[in-house]
Number of protein chains: 2
Amino acid sequence: MTRGAAQQTAHHTHNHKVCIEDALTTARDLCAERGVQLTPLREKVLQIVWRSHKPVGAYEVLDELARSHKSARPPTVYRALDFLMAEGLIHKIQSLNAYLGCVEAGAPHSGLFLICRKCGATEEIADPKLDAALDQASKRARFRSERRVVEISGLCAQCAA
Amino acid sequence: MTRGAAQQTAHHTHNHKVCIEDALTTARDLCAERGVQLTPLREKVLQIVWRSHKPVGAYEVLDELARSHKSARPPTVYRALDFLMAEGLIHKIQSLNAYLGCVEAGAPHSGLFLICRKCGATEEIADPKLDAALDQASKRARFRSERRVVEISGLCAQCAA
DNA sequence: GAAGCTGATGCTACACTATAACAAAGGCCC
DNA sequence: GGGCCTTTGTTATAGTGTAGCATCAGCTTC
């Protein structure tokens, strides 16, 4: 169900079909457990988001969705994306206005995203030290933290080389 | 020139004129040092952004600017905002598409923003432990970090009470 | 099985955010 | 004065996201 650390990274070369299948299976299981509906439309959107490890814009999703789903309109896509985010199946990358499949759906987590500005590949990382630093900083400011956005742009290992 | 820690926080009550004056003075000095032009237009935009400790949208800036500057249009505002960001005088809050005066202009830093979802007040915090955690995480992933976005939404001390 | 409810989708229009592209104006240098 | 650079003016348009109401399918209750 969960993948090993090596497969969670945004490699330039890997068998991506496995990523997609894993994500869909996890999503179906989670939604079933929670009693929420992963409808064909929502599943299709999830699949589209998972076509790569690059964040994908809502209107890119729409273009792709429209190929198989003539009636697709902006609200169609945004509603599906909102559902998937609410269920923790995808994340929104705020600095790109784009959406990315979550590699650890189900596990409570607030990721750190490493976004390559050259190839677009984006890796989600969980980091206890980061969580601790953020919790500590919030606490010091007597701030009640609810939602986190932590994104780093730069060059991935491959593109920096 | 730099303010004490107490005055950097997004208090609900404080003499905000001091904040604005400090920010403008710092901006003028910095731009003079760097040989870049803090034109009246840019200064006015900076002043508008500094009207509060809440992030302000570009079109809010435009509305305000237009009161004294009839020819103001979207590009007028975005160009000024881009300049101010490039000089490190303001920050963009990505999760709100809004802009906020930088409390520590000039000092190299990558802040953590605590954004109150109720009152909107947003506090910028510098945190060495956070920086360390981010650097370490980037390094582990062999990622060359360039730009950071760290934003936490929630409730500030006053609004949580 | 009709009435009513709920959640999901269809559909039109619109609001909000941001940029492209080119023109004009002003300062500076030679 | 001519050429160059930076800033601002101006029009148009691209990109991102939501409001609001209609419809439809499944489910329940009587």
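Every value quoted in this text rests on a predicted model; they were computed, and no experiment measured them. Note on naming: letters A, B, ... go to the chains in the order of the sequence lines (proteins, then strands), and numbering restarts at 1 for each one.
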Selection from dT18(D), dT9(C), dG9(D) that lies nearest to any side-chain heavy atom of Leu41(B): dG9(D)
OP1 or OP2 of dG10(C) under 4.0 Å from side-chain N/O of His69(A): yes
Rounded distance in Å - CG (Leu38(B)) to C1' (dT7(D)): 13 Å
Sidechain N-carboxylate O distance under 4.0 Å for Asp135(A), Arg140(A): no
SB check Lys44(A) Glu64(A) (cutoff 4.0 Å): no
Among dT12(C), dT16(D), dT11(D), the one nearest Pro75(A) by side-chain distance: dT12(C)
Phosphate contact (dA8(C) OP1 or OP2) by Arg42(A) side-chain N/O below 4.0 Å: yes
dT8(D) OP1/OP2 closer than 4.0 Å to side-chain N/O of Thr76(B): no
Value in whole Å for how far the P atom of dA14(D) lies from CG of Asp63(A): 14 Å
Nearest-angstrom distance from the residue atom CD of Glu43(A) to C1' of dT9(C): 17 Å
Ser95(A)-Glu151(A) side chain donor-acceptor pair, cut-off 3.5 Å: yes
Spacing of Arg73(A) atom CZ relative to dA13(C) atom P, expressed in whole Å: 11 Å
Spatial distance of atom OH (Tyr59(A)) from atom OH (Tyr78(A)) [nearest 0.5 Å]: 5.0 Å
Pair of N/O donor and acceptor under 3.5 Å linking dG10(C) base with Arg79(A) side chain: yes
Presence of Gln37(B) side-chain N/O under 4.0 Å of dT7(D) phosphate oxygens OP1/OP2: yes
Centroid distance under 5.5 Å and plane angle under 30°, Tyr78(B) vs dT19(C): no
Short side-chain N/O contact to dT16(D) OP1/OP2 from Tyr99(A), under 4.0 Å: no
Stacked pair Tyr59(B)-dC16(C), distance under 5.5 Å, angle under 30°: no
Short side-chain N/O contact to dA18(C) OP1/OP2 from Lys92(B), under 4.0 Å: yes
Distance test, side-chain N/O of Asn97(B) to OP1/OP2 of dA18(C), below 4.0 Å: yes
Check: Glu123(A)/His53(A) side-chain N/O donor and acceptor closer than 3.5 Å: no
Side-chain N,O (Thr39(A)) to OP1/OP2 (dA8(C)) below 4.0 Å: no
